[in-house]
Chemist: 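Can you keep this structure in mind? I'll have questions shortly.
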Amino acid sequence: YLSGSSGDSMAEIALLWSTAYDSRIMSFANTLHTIDGGTHEQGFRQSLANVVNKYAFDFKKLKEGNARLKGDDILEGVVAVVSVKLADAQFESQTKAKLGNTSIGKLVRDLVNEKLYLYLEEHPADAKIIIDKAIAASNAREAAQKARDAWQSELPYLQM
């Protein structure tokens with residue numbers, strides 16, 4: 001659980017990594033479910049990938065020269081709720097399905113950058129599990145891509 005505020009805006013994030021392969025992120029702005037996400041959800045996704053990669057390199061879980069883990073690899077198994085409250089919510093449509101305030105995205109990014117990194121430092125066993133899961137997802141994705149490429153290269157070309 002992460003929470004923080006800046007001015008008249010506040011963000012709360014609850015997250016966990018499960019053993020599942022898919023991810024589920026639900027976002028809310030002023031208690032309204034933003035089904036299409038928005039700047040707060042985008043800030044969460046970006047920052048989550050940056051923090052896990054930074055931790056992995058800082059603590060030698062990934063070596064210099066290795067590729068960074070992709071956001072989708074890190075998000076595998078994540079279940080999260082991102083909730084923000086702000087005075088002047090600007091939605092991108094009348095259905096209020098997507099939040100457009102850029103300042104709230106920055107608040108969420110700063111919150112995740114600071115507090116999640118601190119959590120990973122204080123809980124190295126959890127950090128290892130998270131990073132190992134992301135590396136396994138990355139390896140599986142790369143192996144699947146190689147298999148697809150090999151299969152396609154062996155297909156005879158159709159001539160008409």
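The basis for the numbers below is simple: all heavy atoms, side chains too, and nothing from hydrogens, waters or symmetry mates.
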Chemist: I'd like to know if I129 and L75 are part of one continuous hydrophobic network [Ile/Leu/Val/Met/Phe/Trp/Tyr, side-chain heavy atoms within less than 4.5 Å].
Modeler: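 The answer is no; the residues belong to distinct hydrophobic clusters.
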
Chemist: Sequence neighbours left out, what passes side chain to side chain contact (heavy atoms under 4.5 Å, CB included) with S3? Give chain and number order.
Modeler: Y1, E12

Chemist: Mind checking side chain to side chain contact (heavy atoms under 4.5 Å, CB included) for R24 and listing every partner two or more places apart, or none if nothing turns up?
Modeler: M26

Chemist: Does a side-chain heavy-atom distance below 4.5 Å link F57 with K63?
Modeler: no

Chemist: Run the side-chain contact (heavy atoms from CB on, under 4.5 Å) check on V84 and V108 step by step: do they pass?
Modeler: CA-CA 8 Å; V84 296; V108 170; 3.9 Å; yes

Chemist: Looking at N30 and L86, would you say the former's side chain and the latter's main chain have a donor-acceptor pair under 3.5 Å?
Modeler: yes

Chemist: Testing the basics here: between S9 and I104, what is the closest heavy-atom pair and its distance to 0.1 Å?
Modeler: CB-CD1, 3.7 Å

Chemist: Check whether I25 and I13 end up in the same hydrophobic cluster, where Ile, Leu, Val, Met, Phe, Trp and Tyr are linked by side-chain heavy atoms less than 4.5 Å apart.
Modeler: yes

Chemist: If you measure from OG on S23 to CD1 on I74, what distance do you get to the nearest 0.5 Å?
Modeler: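 CD1 of I74 is found 12.0 Å from OG of S23.
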
Chemist: Treating Ile, Leu, Val, Met, Phe, Trp and Tyr as nodes and any side-chain heavy-atom pair under 4.5 angstrom as an edge, say whether M10 and V82 lie in one connected cluster.
Modeler: no

Chemist: CD1/I135 to CG/N139 distance, rounded to the nearest 0.5 angstrom?
Modeler: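 Those atoms lie 7.5 Å apart.
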
Chemist: Considering residues, nucleotides and ligands other than E114, do more than 12 of their heavy atoms fall under 6.0 Å from its CD?
Modeler: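 Incorrect, the count does not exceed 12.
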
Chemist: How about F91 and N101: do any of their side-chain heavy atoms sit closer than 4.5 Å?
Modeler: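 The answer is no, as the side chains (C-beta and beyond) never meet within the 4.5 Å cut-off.
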
Chemist: For A136, what residues pass the side chain to side chain contact (heavy atoms under 4.5 Å, CB included) criterion, not counting sequence neighbours?
Modeler: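 Not a single residue meets the side chain to side chain contact (heavy atoms under 4.5 Å, CB included) criterion with A136.
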
Chemist: Can you run down the salt bridge (charged side-chain N to carboxylate O under 4.0 Å, His left out) pairs that involve residues 66-79, sequence neighbours left out, and say none if there aren't any?
Modeler: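 Counting only pairs at least two positions apart or across chains, the salt bridge (charged side-chain N to carboxylate O under 4.0 Å, His left out) contacts touching residues 66-79 are D73-R141, E76-K133.
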
Chemist: Is it true that T34 and S27 share a donor-acceptor pair across their side chains at a distance under 3.5 Å?
Modeler: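 Yes, a side-chain donor-acceptor pair sits under 3.5 Å.
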
Chemist: Under a 3.5 Å cutoff, is there a donor and acceptor pairing between the side chains of Q145 and R148?
Modeler: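 Distance-only check passes for Q145 and R148.
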
Chemist: Using the side chain to side chain contact (heavy atoms under 4.5 Å, CB included) criterion, which residues pair with D132? Sequence neighbours excluded.
Modeler: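 For D132 the side chain to side chain contact (heavy atoms under 4.5 Å, CB included) partners, ignoring immediate neighbours, are K128.
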
Chemist: Kindly write out the residues that satisfy salt bridge (charged side-chain N to carboxylate O under 4.0 Å, His left out) with D110, not counting sequence neighbours, or none if the list is empty.
Modeler: K106

Chemist: Start with the C-alpha gap between L16 and V78, add the side-chain angles, then the distance that decides, and say whether side-chain contact (heavy atoms from CB on, under 4.5 Å) holds.
Modeler: CA-CA 6 Å; L16 65 85; V78 167; over 6 Å; no

Chemist: If you group Ile, Leu, Val, Met, Phe, Trp and Tyr by side-chain heavy-atom gaps below 4.5 Å, do L111 and F28 land in one group?
Modeler: no

Chemist: Salt bridge between K146 and E142, side-chain N to carboxylate O under 4.0 Å?
Modeler: no

Chemist: Under 3.5 Å, is there a donor-acceptor pair between the N113 and S47 side chains?
Modeler: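 The answer is yes; a qualifying pair exists.
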
